[in-house]
K.L.:
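What follows is a single structure, and I will ask about it in a moment.
All residue numbers refer to positions in the sequence shown, counting from 1.
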Amino acid sequence: MKKKANILDQAAIRRALTRIAHEILERNKGVEGLVLVGIKTRGVPLANRLQARIKEIEGVDISTGELDITMYRDDLTHVDDEKQPKLKDTKLNEQITGKKVVLVDDVLYTGRTVRAAMDALIDYGRPSQIQLAVLVDRGHRELPIRADYIGKNIPTSREEIINVDLEEIDGQDSVSIYEKINE
């Protein structure tokens, strides 16, 4: 793969998340009944950052959670013993039934991850509403899913890859676009 461009740096990611936090508060008329749930892996630190921004704005700590979608993915029809999926814990700090849940992820692409996340979430309760916040929407949907809150729309070709690095996982904040090199 060849790096094509840096799309977002640390400051741009911070500004995008601050804007998303304001949009979440505006749309939901505050924090009443609101829960942020990050889709593992990179959605979790993004949800935690949104929680921190909302606390700065409203002065209220809202609940967050971590959602593992591994067993809900539709591309795991046959798995070799050596390539077993690694299960991560789902941690919901609050009952989600009747709550407004904002799923948080890094990149929205085909929509399949979000579909799996909604299936997983429903196994834990029946939210009154599910909303979606993503740092990057790159297009190419295969399912009728759209984000309610988007940090940056980045039109891509299917040959391009969006790479999100976050300080909590990768040691730095950046969003870059790469292109596949056919050899």
Side-chain angles (χ1 to χ4, degrees), residues 1-29 31 34-54 56-57 62 64-67 69 72-75 100-121 127 129-182:
M1 289 189 307
K2 178 183 167 196
K3 187 181 229 179
K4 193 171 175 181
N6 288 327
I7 306 295
L8 299 172
D9 61 9
Q10 184 177 27
I13 291 171
R14 186 184 66 251
R15 285 190 299 272
L17 291 174
T18 299
R19 182 175 37 78
I20 290 170
H22 280 283
E23 289 173 1
I24 289 170
L25 290 169
E26 193 172 307
R27 179 172 178 177
N28 293 287
K29 297 175 178 65
V31 297
L34 199 59
V35 178
L36 300 173
V37 177
I39 300 172
K40 289 194 173 186
T41 298
R42 284 173 180 76
V44 173
L46 291 172
N48 291 334
R49 291 183 192 189
L50 284 170
Q51 177 196 39
R53 296 291 185 299
I54 289 170
E56 288 172 12
I57 298 163
I62 63 171
T64 61
E66 302 177 5
L67 189 64
I69 63 160
Y72 295 87
R73 292 178 41 173
D74 63 3
D75 59 349
K100 292 179 273 186
V101 174
V102 180
L103 284 173
V104 182
D105 205 6
D106 58 347
V107 178
L108 177 57
Y109 182 29
T110 62
R112 293 184 179 278
T113 296
V114 176
R115 186 222 35 96
M118 288 189 295
D119 287 348
L121 199 60
Q129 197 175 110
I130 299 174
Q131 300 169 18
L132 177 62
V134 296
L135 183 59
V136 174
D137 184 345
R138 65 170 289 188
H140 302 288
R141 225 64 88 239
E142 294 174 1
L143 300 173
I145 290 175
R146 66 167 178 76
D148 299 283
Y149 314 101
I150 302 167
K152 178 96 173 152
N153 281 296
I154 304 174
T156 63
S157 74
R158 290 196 180 270
E159 287 72 44
E160 293 173 320
I161 294 170
I162 298 290
N163 185 64
V164 175
D165 287 328
L166 296 175
E167 179 75 35
E168 298 89 337
I169 297 166
D170 309 296
Q172 67 175 1
D173 282 346
S174 69
V175 176
S176 305
I177 187 166
Y178 289 83
E179 58 186 342
K180 295 177 187 173
I181 299 174
N182 296 328

K.L.:
Quick check: closest heavy atoms across Leu143 and Arg115, and the distance to 0.1 Å?
P.N.:
CD1-CB, 3.8 Å
K.L.:
Identify the heavy atoms of Val102 and Ala133 that sit nearest to each other, and give their distance.
P.N.:
CG1-CB, 3.9 Å
K.L.:
From Thr41 OG1 over to Asp105 CG, what is the distance, rounded to the nearest 0.5 angstrom?
P.N.:
9.5 Å
K.L.:
Can any side-chain N or O of Thr156 pair as donor or acceptor with the backbone N or O of Arg138 at less than 3.5 Å?
P.N.:
yes
K.L.:
Hey, are Ser176 and Asn6 close enough side-chain-wise for a donor-acceptor pair under 3.5 Å?
P.N.:
yes
K.L.:
Show, in sequence, the C-alpha distance, side-chain angles and deciding distance for Glu159 and Lys180, and conclude whether the salt bridge (charged side-chain N to carboxylate O under 4.0 Å, His left out) test is met.
P.N.:
CA-CA 6 Å; Glu159 287 72 44; Lys180 295 177 187 173; over 6 Å; no
K.L.:
With a cut-off of 6.0 Å (strictly less than), are more than 12 heavy atoms of other residues, nucleotides or ligands near NZ of Lys152?
P.N.:
no
K.L.:
For a 4.5 angstrom cut-off between non-hydrogen side-chain atoms, does Leu25 reach Val31?
P.N.:
yes
K.L.:
Between Arg27 and Lys100, is there a side-chain heavy-atom distance shorter than 4.5 Å?
P.N.:
no
K.L.:
Quick one about Asn28 and Gln131 (side-chain donor to acceptor, distance below 3.5 Å, no hydrogens or angles considered), yes or no?
P.N.:
yes
K.L.:
What's the separation between atom CD in Glu66 and atom NZ in Lys40, rounded to the nearest 0.5 Å?
P.N.:
4.5 Å
K.L.:
Per the side chain to side chain contact (heavy atoms under 4.5 Å, CB included) rule, which among Ile7, Asn163, Val136 passes with Ile177?
P.N.:
Ile7
K.L.:
Taking the side chain from Asp165 and the backbone from Ser174, do they hold a donor-acceptor pair closer than 3.5 Å?
P.N.:
no
K.L.:
Between Arg141 and Tyr109, is there a donor-acceptor pair closer than 3.5 Å when you use the side chain of the first and the backbone of the second?
P.N.:
yes
K.L.:
Between Arg19 (side chain only) and Gly151 (backbone N and O only), is there a donor and an acceptor less than 3.5 Å apart?
P.N.:
yes
K.L.:
Looking only at non-hydrogen atoms, find the nearest pair between Val104 and Ala47 and report the distance.
P.N.:
CG1-N, 3.7 Å
K.L.:
Minimum heavy-atom separation for Pro45 to Ile169, with atom names?
P.N.:
CG-CD1, 3.9 Å
K.L.:
Less than 4.5 Å apart, any side-chain heavy atom of Ile154 and any of Val175?
P.N.:
yes
K.L.:
Give, for atom CD1 of Ile150 and atom CG of Leu132, the distance between the pair rounded to the nearest 0.5 Å.
P.N.:
8.5 Å
K.L.:
When rounded to the nearest 0.5 angstrom, what distance separates CG in Leu50 from CD1 in Ile20?
P.N.:
6.0 Å
K.L.:
Considering non-hydrogen atoms only, spot the tightest contact between Ile54 and Ala21 and give its length.
P.N.:
CG1-CB, 3.9 Å
K.L.:
Carefully, step by step, assess Asp137 and Arg146 under the rule salt bridge (charged side-chain N to carboxylate O under 4.0 Å, His left out).
P.N.:
CA-CA 9 Å; Asp137 184 345; Arg146 66 167 178 76; over 6 Å; no
K.L.:
Can you tell me how far apart CG (Leu36) and CD1 (Ile62) are? Round to the nearest 0.5 Å.
P.N.:
3.5 Å
K.L.:
Taking all non-hydrogen atoms of both residues, which atom of Leu121 and which atom of Pro127 are closest, and how far apart?
P.N.:
CD2-CG, 4.3 Å
K.L.:
Evaluate the side chain to side chain contact (heavy atoms under 4.5 Å, CB included) criterion for residues Asp148 and Glu23: first the C-alpha distance (whole Å), next the side-chain angles of each, then the deciding distance (0.1 Å), finally the verdict.
P.N.:
CA-CA 9 Å; Asp148 299 283; Glu23 289 173 1; over 6 Å; no
K.L.:
What verdict does the side chain to side chain contact (heavy atoms under 4.5 Å, CB included) test give for Leu166 and Arg49, after you've listed the backbone C-alpha separation in whole Å, the side-chain angles of each residue and the deciding distance to 0.1 Å?
P.N.:
CA-CA 11 Å; Leu166 296 175; Arg49 291 183 192 189; 4.1 Å; yes
K.L.:
Output a table of donor-acceptor pairs, distance under 3.5 Å, between side-chain atoms of residues 11-18 and any protein atom two or more places apart or on a different chain; print 'none' if there are none.
P.N.:
from	atom 1	to	atom 2	distance (Å)
Thr18	OG1	Arg14	O	3.0
Thr18	OG1	Arg53	NE	3.0

K.L.:
How long is the span from the CG atom in Leu103 to the CG atom in Leu67, to the nearest 0.5 Å?
P.N.:
6.5 Å
K.L.:
Tell me, yes or no, whether the heavy-atom count around Glu26 atom CD, taken from other residues, nucleotides or ligands under 6.0 Å, exceeds 12.
P.N.:
no
